[in-house]
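All remarks here apply to the structure that follows.
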Amino acid sequence: MRGYPSRTVLLVLALTTRAFGQSAPSSKPRALAFTHVTVIDATGSPAQPNMTVVIAGGRIAAIGSSADVTIPESVEVVDATGKFLIPGLVDMHVHTTSDQYFIEPLMLANGVTGVREMYAQNLSAIQARRKALADGTLLGPRIFSAGPIVDGLGAPWPGSIVVTNAAEASAAVDKIKREGFDYVKVYSGLGRDAYFAVADEAKKDGIPYAGHLPDAISAMEGSNAGQKSFEHLYGISLACSTREEGLRTALAHPTKKANEGDPRRAYFAEQKAELDTFNEEKAAALFAVFRRNGTWQVPTLVVMRNAALIYDPEYVQTLPKSSRLRYVPHALKMMWNLALRFSGQPLPPEDLATSRRYFNWELNTVGEMQKAGVGILAGTDTPNPFVYPGFGLHDELGLLVQAGLTPMEALQAATRNPARFLGTLEAMGTIETGKVADLDLLDANPLEDIRNTQSLNAVVLGGRLIPRAGLDALLAQAEDNRWRANPAALTLMGLVLHMMRNGLYVALATLLGISGSLYYLLKRRRRRKVATSTP
């Protein structure tokens, strides 16, 4: 299903910047042991109480009953009585993970030890970030990254590789592979010939491709062609419609009438038509294909909820009141509020009902996919408006449980499943001997209530212990740096200017320009105030 312009601003803030990170002293992690802890290893096994986990050289050296494990004197011991140890969390759909003042502190402060970056252009910066992490001079989540987006004509994101035929598509894949990115990201506007050329060339080059299911491709075709993950459930409701072909033709050749007036009316009419013609047998057949082909789904429910309820006045009123806004850079918060005003115009009651109904369908569909054995990955699409780095992943886990996953299944969607998807399960993703020590220590049991993943007591990143005081310091750092220039806000402004080449969003661009001027004036006034108050 294709989004309309205002949804593009709200939903797809695919952003990237230079890779820097949290500074930290360069030192090897000390040997460490958690005693009397309940281990939730994310393999699917029951929780194991009163265990000792020994960490040495950045890896899990031993796991056993606290009555049986002998701890050497040189090991730092943490009495974890009454606490719960889980693998570090991984957000499988993020942007601008390299923002050292905003994204990275909030990720790590929330127990997110790994991320999948969905749009990057500067590989050397990512490589520098990875090296700093390995050297111990950087504290931040591990990163797995796509290269520039591969899209068709009208590509909304600056820096995308625009391809119009099979030859150009093949060359784009070769370029991304040659430059050393981890996978290819495809996008909504890719044409059929170009898409299948990406699939063929990716297979030849041995590089996976993932991303949006293009509008021109059916979900069945995308899965059979080898797309490794679908984002945002795009194309699924259409694929499960008894009128799939007719609706697809209508999407490809919209009538003049459908484009008159408020474009949202046509959008919600499209949603309603797909929901009204949803067929459970077609859905079951599609999910069976996903399972057979190993096609993963990254539903990003937290951002889809915002997209669905952005027209609900009661819901919208809660967004600017979040206490989490104190961590958001002022420039980005300004952009979020503009997106809220731009997208949140009142809807007719019937369209608002359709939007709510569609989100409920998304929740139900994720639950049915899980039952059918389709692989589910937890991702947020942060920093889209009001999708907070780190915090948003905990929100996503709650929505996965609301969709019908058990707390263990939701936890696995952010731990074991990402490792399976990335091909790193032998080294991480679960708590087992020999694996990398990326761990979260909790004060409460997440298997009783998935919201307890937020009860962080400490984080272990590659064997380095970050206690609660250190996590609070990361939050304080993010809060202190709200006046710094924010790459996400600058990227959004670049997107608007990029779109203006087609005459779109002129009014929004004007608002952004005025708001930007006000922002810098306020920043200048604040600096003067600080200077005059300094003795």
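- With contacts defined as side-chain heavy-atom distances shorter than 4.5 Å, the pair H394/R451 does not qualify.
- Ring geometry, Y388 versus F391: the interplanar angle exceeds 60°, so the pair is classed perpendicular (tilted spans 30 to 60°).
- Here the shortest heavy-atom pairing between I40 and P87 reads O-CD, 3.5 Å.
- Under a cut-off of 6.0 angstrom, the local environment of CZ in R243 is sparse, with at most 12 non-hydrogen atoms contributed by other residues, nucleotides or ligands.
- Contact check for L89 versus T415: side-chain heavy atoms found under the 4.5 Å cut-off.
- Distance alone, capped at 3.5 Å, places no donor-acceptor pair between the D68 side chain and the G64 backbone.
- For the pairing with K435, the side-chain hydrogen bond (donor to acceptor under 3.5 Å, both in side chains) check across T424, D41, T430 returns one residue only, T430.
- The shortest non-hydrogen separation linking L325 to F386 is CD2-CE2, 4.2 Å.
- Looking at Q227, its side chain never comes within 3.5 Å of a backbone N or O of G222 through a donor-acceptor pair.
- At least one side-chain heavy atom of L32 sits under 4.5 Å from a side-chain heavy atom of V460.
- Checking E117 against S145 by side-chain atom types alone, no donor-acceptor pair falls below 3.5 Å.
- Nearest heavy-atom pair, F278 versus A283, reported as atom, atom and distance to 0.1 Å: CZ-CB, 3.7 Å.
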### Task
List the steps and the verdict of side chain to side chain donor-acceptor pair (under 3.5 Å) for N457 and D443.
CA-CA 6 Å; N457 182 277; D443 287 329; 3.2 Å; yes
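- Taking all atoms of both residues into account, the shortest heavy-atom contact from L139 to R464 is CD2-CD, 4.2 Å.
- Open room surrounds CZ on R291; 12 or fewer heavy atoms of other groups in view lie less than 6.0 Å from it.
- Proximity of F102 to P383: side-chain heavy atoms (C-beta onward) are separated by under 4.5 Å at one or more points.
- Side-chain atoms of K228 come within 3.5 Å of backbone N or O of F421 as a donor-acceptor pair.
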### Task
Run the numbers on D395 and R324 for salt bridge (charged side-chain N to carboxylate O under 4.0 Å, His left out), then give the verdict.
CA-CA 13 Å; D395 296 340; R324 299 171 181 176; 2.7 Å; yes
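- The closest side-chain donor-acceptor pair between E244 and T242, if any, does not fall under 3.5 angstrom.
- The main-chain N or O of T35 is never found under 3.5 Å from a side-chain atom of S66 such that the two would form a donor-acceptor pair.
- By the 4.5 Å heavy-atom criterion applied to side chains, T38 and L85 are not counted as neighbours.
- At least one donor-acceptor pair under 3.5 Å links the side chain of E396 to the backbone N or O of V302.
- At least one side-chain heavy atom of L411 sits less than 4.5 Å from a side-chain heavy atom of I86.
- H95 and D381 share a side-chain donor-acceptor pair at under 3.5 Å.
- The shortest heavy-atom contact between I236 and A219 is CD1-CB, 4.2 Å.
- Classification of the Y234-H232 ring pair by plane angle, with boundaries at 30° and 60°, yields tilted.
- With a 4.5 Å cut-off on side-chain heavy atoms, E432 and T43 count as touching.
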### Task
Dump the intermediate steps for salt bridge (charged side-chain N to carboxylate O under 4.0 Å, His left out) on D182 and R116, then the final yes or no.
CA-CA 10 Å; D182 297 306; R116 183 174 66 141; over 6 Å; no
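- Two residues are said to be in side-chain contact when any heavy atoms from C-beta on lie closer than 4.5 Å; E479 and R482 meet this criterion.
- When atom types are taken as modelled, the side chain of T300 and the backbone of V303 share no donor-acceptor pair closer than 3.5 angstrom.
- Salt-bridge check for R357 with E362: failed, with every basic side-chain N at 4.0 Å or more from each acidic carboxylate O.
- For the pair T382 (side chain) and V387 (backbone), a donor-acceptor distance under 3.5 Å is present.
- Note: L190 CG to D215 CG = 10.0 Å, rounded to the nearest 0.5 Å.
- Taken to the nearest 0.5 Å, the CD atom of E350 stands 5.0 Å off from the CZ atom of R265.
- The backbone N or O of V69 lies less than 3.5 Å from no partner atom in the side chain of T52, so there is not a single donor-acceptor pair.
- Expressed to the nearest 0.5 Å, how far CG of L238 lies from CG of L247 amounts to 6.0 Å.
- D438 places a side-chain N or O within 3.5 Å of a backbone atom of G462 that can act as its donor or acceptor partner.
- Judged by distance alone, with hydrogens and angles left aside, the side-chain atoms of S322 form no donor-acceptor pair with the main-chain N or O of L319 at under 3.5 Å.
- Side-chain contact annotation: N293 with S223, donor-acceptor N/O pair under 3.5 Å present.
- Of the residues Y183, F230, Y195, the one that meets the ring pair (Phe, Tyr, Trp, His ring centres under 6.0 Å) test with Y209 is Y195.
- Side-chain contact check for Y267 and D351: no donor-acceptor pair (N or O, by modelled atom type) lies under 3.5 Å.
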